[in-house]
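Right, one structure below, let's go through it.
Reminder, nothing fancy here: chain letters follow the sequence lines and each chain counts from 1.
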Amino acid sequence: MNTDRRAFFKNIAAAAATLTVLPTAALAREKKTAPSDAVGMLYDTTKCIGCKACVVACKEANHMPADTDGYGHGLYDSPDSLNQYTKNIIQLYKDGNEQSFAKKQCMHCIDPACVGACMLGALQKGKFGVVSYDVSKCVGCRYCETVCPFNVPKFEWAKAAPKIVKCEFCKERLAEGKQPACTEVCPRKAVIFGKYTDLLDEAHLRLENNPGKYVNKVYGERELGGTQVLYLSHIDFEKIGFRFKQDESVPHLQQTVSHGIYKGFVGPIALYGLLGAVLFRNRGNSEKES
Amino acid sequence: MQTHAQPIGGPLFTRAYFVLLSIAAIGMALILWRFWVGLGVSTGLSDGYPLGIWIALDVVTGTALACGGYAVALVVYIFNKGQFHPLIRPAILTSALGYTIAGASVAVDLGRPWNMWKIPTYVWAWNLNSSLLEVALCIMAYVFVLWIELSPAFMEKFSVDGPPLLQKWSKRLLPIVNKALIWIIALGMLLPTMHQSSLGSLMMLAGPKLHPLWLTGWLPLLFLMSCLAMGYAIVVFESVFSSRAFGRNPEVPMLINLQKIAAWGGLVFVAVRVADLAYSGNLHYAMTLDLYGTMFWIETVLWLLPLVMMLASPRPNLGSLFRGAMVVALAGALYRFDTYLVAFQPGPGWHYFPSVPEMFITIGLVALELAIYVAVVKRFPIIAGMTPAQPARPAALVAQGSANSGARTFHLADS
Ligand code: SF4
Ligand code: SF4
Ligand code: SF4
């Protein structure tokens, strides 16, 4: 009984040691930066008149059906948010005299949560930093929807063979040397296309040249690790639907911890060896009464 | 091959069994319907709440309840507690069934389940950052491992009275499986350690959408602790159940030892959580008694209650052990469910409540699991009728030892 008890605690100690040593190997994960060929969009609330030309152009370019479920009972394409028929939308914020439009589409994050989530890389950050979707590698788990801090990916709930629907920055048009449909049609240049770094400069220039006109911040420059779609706004970003202010990217915490535990797969292999060794030593005993 | 486990026998198709089968049949019919109409019509899921009870209950909570096999294996093989050996087979059976049913739930939940085979085979496409990939691969492997661990129970029976071909193969395979068993068992402990902690990492990626009372870098550890706690509870339930139903002597002294670990473990769980919240400056969320603060406190009380109950009853018996285990299981289940559903905040305007068919599919799958369990224990040697009589053992061991000397056999199935 006595030796048995000692063995018992020795084994507990060994198991506990393995489990606590594993995560301490965690190394700080490096902050991601935009790829050198990154393109982007800059949207300016003060210029947008809410004409929704970009919404129509986006539907056309992506061959998306009209969403006639909402206002007008079948008369209009009137989605109320991004959804399975809609990759781009203009939303209105109105409170008393304060009002603003806001364009929503994928933010093409620099360190995207959706890409970190997807098991087989159906969501990938590729050429120009565009986050694109490949249905052949998608199992429809909707984990990308769960983790996207901007609630961008949408699921075709009505279909028997559903896909994920999200803005892919008109990657086919980019490949042809064209700009995205939405930026091309905007009559007010409220949303413009360009090289990511150029747009960042442009945004700061506008802030500098128009003191007091904007909230003094380029949303997306730092938020959530940075996004390739940038925003200037004359009202609080929270009011136009940007809930999160944190600079840290979403995958940072999870990948720091997971990389720590699974670095080189040493932890699991060591644990397997340890378990095997203890089992081996204890073999046969399992049937004896202590 | 000697074994003390016996089929329970008796008629299978009792009235209660038909009720069980009917509930299972309703669930299966609804699953067909779900594939016909799609997920939008059949569930309460939405783009805001893309994961519902099939994941939060069936997989995240269900597989933790199915950690009985993991917990007993740890106790028997690592902590060297042979008295628990009779519990291994029933525990492995419930684990195998629980994990298989969780796998079935996932297949029902996935939008494109026909692409599932690509997960283990598209090795070049693996996203090694994805906790979900790790969970998926580990669970697939573990289901396989569990059925292998259990296979001696089937082969023992088939090698005696199976159809000729089955009999031949059972006789041939049984010694091979028994020989490899030590490494399979080790795998059967490694895999749950990995995927149960990764189930915690999974929700770390929800980042700011997860309420700060739940979001922490310690999620993997807390998830591992919670599945072990729930696995322990299942060991107690099975010990109590089989002692009542089959007249086995319950392993009370050993259960008391385990209870100590589980109860103090609850305190450690709470300590880690509170210390981390204090460190990150998020403890104040617990002071706001909104839904989140309240759930946090209910969880915390449930995690601490087993310790209080244990300290308050100096003479533990089967009843108090059972009640304590019940609370432990509840604490773990609630913590896991909350992390996946209650603490998940997709933003204003989103709501989720499971649809009736969604619930009936979950209920149907549980009924199916129970039905298979009952059928298997009645027909195959799973449950040991009694704690093995002492004098018989040494002789059996010697016989085995000489027969397999140097062969490094390891008898999981033998009790
Ligand atoms: S906004 Fe969402 S979908 Fe778009 S890249 Fe970022 S995480 Fe992915
Ligand atoms: S739903 Fe598809 S794209 Fe989204 S994470 Fe799952 S497999 Fe990837
Ligand atoms: S880039 Fe293309 S897909 Fe994306 S919002 Fe603009 S038009 Fe739509």
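Using a distance-only test at 3.5 Å, with no hydrogens or angles considered, no donor-acceptor pair links the side chain of Arg142(A) to the main chain of Leu51(B). Formation of a donor-acceptor pair under 3.5 Å by the Asn129(B) side chain with backbone atoms of Gly116(A) is not found in this model. With Lys118(B) contributing its side chain and Ser136(A) its backbone, the two residues share a donor-acceptor pair below 3.5 Å.
Listed by chain and residue number, nothing satisfies the side-chain contact (heavy atoms from CB on, under 4.5 Å) test with Asp80(A) (two or more places apart in sequence, or in another chain).
Both the backbone and the side chain of Ala117(A) have a heavy atom closer than 4.5 Å to some heavy atom of chain B. Both the backbone and the side chain of Leu202(B) come within less than 4.5 Å of a heavy atom of chain A. Of the two parts of Ser258(A), only the side chain, counted from C-beta on, holds a non-hydrogen atom closer than 4.5 Å to a non-hydrogen atom of chain B. Of the atoms belonging to Gln255(A), it is side-chain heavy atoms, and not backbone ones, that fall under 4.5 Å from chain B. Looking at Phe150(A), there are no atoms closer than 4.5 Å to chain B (heavy atoms on both sides), in backbone or side chain. Using a 4.5 Å cut-off between heavy atoms, Phe155(A) contacts chain B through both its backbone and its side chain. In this structure, chain B has a heavy atom under 4.5 Å from the backbone of Lys159(A), while its side chain stays farther away. For Val135(A), the parts sitting under 4.5 Å from any heavy atom of chain B are the backbone and the side chain alike.
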Could you walk me through whether Val257(A) and Met204(B) pass the side chain to side chain contact (heavy atoms under 4.5 Å, CB included) check? CA-CA 9 Å; Val257(A) 174; Met204(B) 250 196 282; 3.9 Å; yes
Please test Lys209(B) against Asn151(A) for side chain to side chain contact (heavy atoms under 4.5 Å, CB included), starting from the C-alpha separation and ending with a verdict. CA-CA 10 Å; Lys209(B) 282 160 95 176; Asn151(A) 289 351; 2.7 Å; yes
Evaluate Tyr262(A) against Ser198(B) for side chain to side chain contact (heavy atoms under 4.5 Å, CB included), listing each step before the verdict. CA-CA 11 Å; Tyr262(A) 289 102; Ser198(B) 289; 3.6 Å; yes
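Of residues 41-49 of chain B, those residues with a non-hydrogen atom less than 4.5 Å from any non-hydrogen atom of chain A are, in numerical order, Leu45(B), Ser46(B), Asp47(B).
Tyr272(A) places a side-chain heavy atom less than 4.5 Å from the side chain of Leu187(B). You'll find the side chain of Asn127(B) stays beyond 4.5 Å of the side chain of Leu120(A), heavy atoms only.
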